[in-house]
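Before any comments, here is the structure.
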Amino acid sequence: MTTLLVIAKEPRPGRVKTRLTPPFTPEEAAALAEAALTDTLHTVAATPADRRVLALDGTPGPWLPPGFDVVPQCAGPLDERLAAAFAACTGPTLLIGMDTPQVTPELLTVDLEGETYDACIGAADDGGFWALGLAHPDPALLRGVPMSTPTTGAAQRARLVAAGLRVRDLPPLRDVDTAADARAVAAAAPDTRFAARLHRLGAVTPR
């Protein structure tokens, strides 16, 4: 069994999903972020795991389901925050963010305790990655990897390979960063809270 680790920001206006403004207001962008985070956490809650951890920048709210250990994010750049989140875990760990509300339990069910791979990574369409799994969490595998670039995912995968790890590639997913991303993800996952919220904002046509 695996520890499932979610890294997220508290969905407060002006602090999350700033690339959605415009066309959305900061309050609307925060509402979309909360819906995406809620979808993600409930999917994680429905996925078999020994432990579920939320590395949170901010304060938990009513969107947090039971069964999660909440740990604060450290200060610093994203690579340091991801490294610190992994350092708080022992044993096989799969990390995801809050930007892929379309994720499913099937996508999160990985066998990091098996004999075929030591790590897994899910590429994001923007060049980053939406998931990173390590059989043996090692913060050094993340520190120094350039984040938030069109080659972040490739650089992180190369770091894993250079460390001698056998890497499994998970299916690619699209992060929600822009309004176009939001519409595409909602259309691909129309039964999510995220899609419902986007529809209430008048940005997507129901099926």
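For Leu112 against Ala119, the heavy-atom pair with the smallest separation is CD2-CA, 4.1 Å. The shortest heavy-atom contact between Ala189 and Ala195 is O-CB, 3.5 Å. Between Leu37 and Pro11, the shortest heavy-atom distance links the atoms CD2-CD, 4.1 Å. Residues Val185 and Pro101 approach most closely at CG1-CG, 3.8 Å, considering heavy atoms. Of all the heavy atoms in Thr178 and Arg19, the pair that sits closest is CG2-NH2, 3.5 Å.
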Derivation of the side chain to side chain contact (heavy atoms under 4.5 Å, CB included) call for Leu5 and Leu94: CA-CA 6 Å; Leu5 171 62; Leu94 180 69; over 6 Å; no

Leu78/Leu142 under side chain to side chain contact (heavy atoms under 4.5 Å, CB included): CA gap, chis, key distance, verdict: CA-CA 9 Å; Leu78 181 56; Leu142 292 104; over 6 Å; no

Side chain to side chain contact (heavy atoms under 4.5 Å, CB included) between Leu198 and Leu32, intermediate numbers included: CA-CA 7 Å; Leu198 194 64; Leu32 289 169; 3.9 Å; yes

Evaluation steps, side chain to side chain contact (heavy atoms under 4.5 Å, CB included), between Val44 and Phe68: CA-CA 10 Å; Val44 168; Phe68 282 80; 3.7 Å; yes

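Counting only heavy atoms from C-beta outward, the side chains of Glu28 and Arg197 never approach each other to under 4.5 Å. Looking only at side-chain heavy atoms (C-beta outward), Leu173 and Gln102 come within less than 4.5 Å of each other. Residues Asp169 and Arg157 are in side-chain contact: their nearest non-hydrogen atoms beyond the backbone lie under 4.5 Å apart. Inter-residue side-chain proximity for Val110 and Arg168 is flagged as met; some heavy-atom pair is nearer than 4.5 Å. Here the side chains of Leu108 and Ile96 are in contact, with some heavy-atom distance below 4.5 Å. Tyr117 is not listed as a side-chain neighbour of Val167, based on a closest heavy-atom distance of 4.5 Å or more. For the pair His136/Thr93, no side-chain contact is recorded, criterion being any heavy-atom separation below 4.5 Å from C-beta on. Taking 4.5 Å as the limit, every side-chain heavy atom of Val71 sits out of range of all side-chain heavy atoms of Leu54.
Grouping the Ile, Leu, Val, Met, Phe, Trp and Tyr side chains by contacts below 4.5 angstrom, directly or via other members, places Leu165 with Val161. Both Leu95 and Leu160 sit in one connected hydrophobic cluster of ILVMFWY residues. Membership requires side-chain heavy atoms under 4.5 Å apart, directly or through other members. Grouping the Ile, Leu, Val, Met, Phe, Trp and Tyr side chains by contacts below 4.5 angstrom, directly or via other members, places Met98 with Leu41. Residues Val103 and Leu64 share a single hydrophobic cluster, defined by chaining ILVMFWY side chains whose heavy atoms lie under 4.5 Å apart.
For the pairing with Arg51, the side chain to side chain donor-acceptor pair (under 3.5 Å) check across Thr90, Thr2, Asp69 returns one residue only, Asp69. A side chain to side chain donor-acceptor pair (under 3.5 Å) with Asp57 holds for exactly one of Gln73, Arg15, Arg12; it is Arg15.
Atom CZ of Arg81 and atom CZ of Phe86 lie 14.0 Å apart (nearest 0.5 Å). With values rounded to the nearest 0.5 angstrom, Asp138 atom CG is found 12.0 Å from Asp118 atom CG. Note that the OG1 atom of Thr40 and the CG atom of Asp99 stand 8.0 Å from one another [nearest 0.5 Å]. Annotation: the span from Cys120 atom SG to Leu134 atom CG amounts to 8.0 Å, rounded to 0.5 Å. Taking CD1 of Ile7 as the start and CG of Leu56 as the end, the distance is 9.5 Å to the nearest 0.5 Å. Distance check: Trp63 CH2 to Asp39 CG gives 13.5 Å after rounding to the nearest 0.5 Å.
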Side-chain atoms of residues 121-132: list all donor-acceptor pairs with protein atoms under 3.5 Å, sequence neighbours left out, distances to 0.1 Å.
{"residue": "Asp126", "atom": "OD1", "partner": "Gly128", "partner atom": "N", "Å": "3.0"}
{"residue": "Trp130", "atom": "NE1", "partner": "Pro171", "partner atom": "O", "Å": "2.9"}

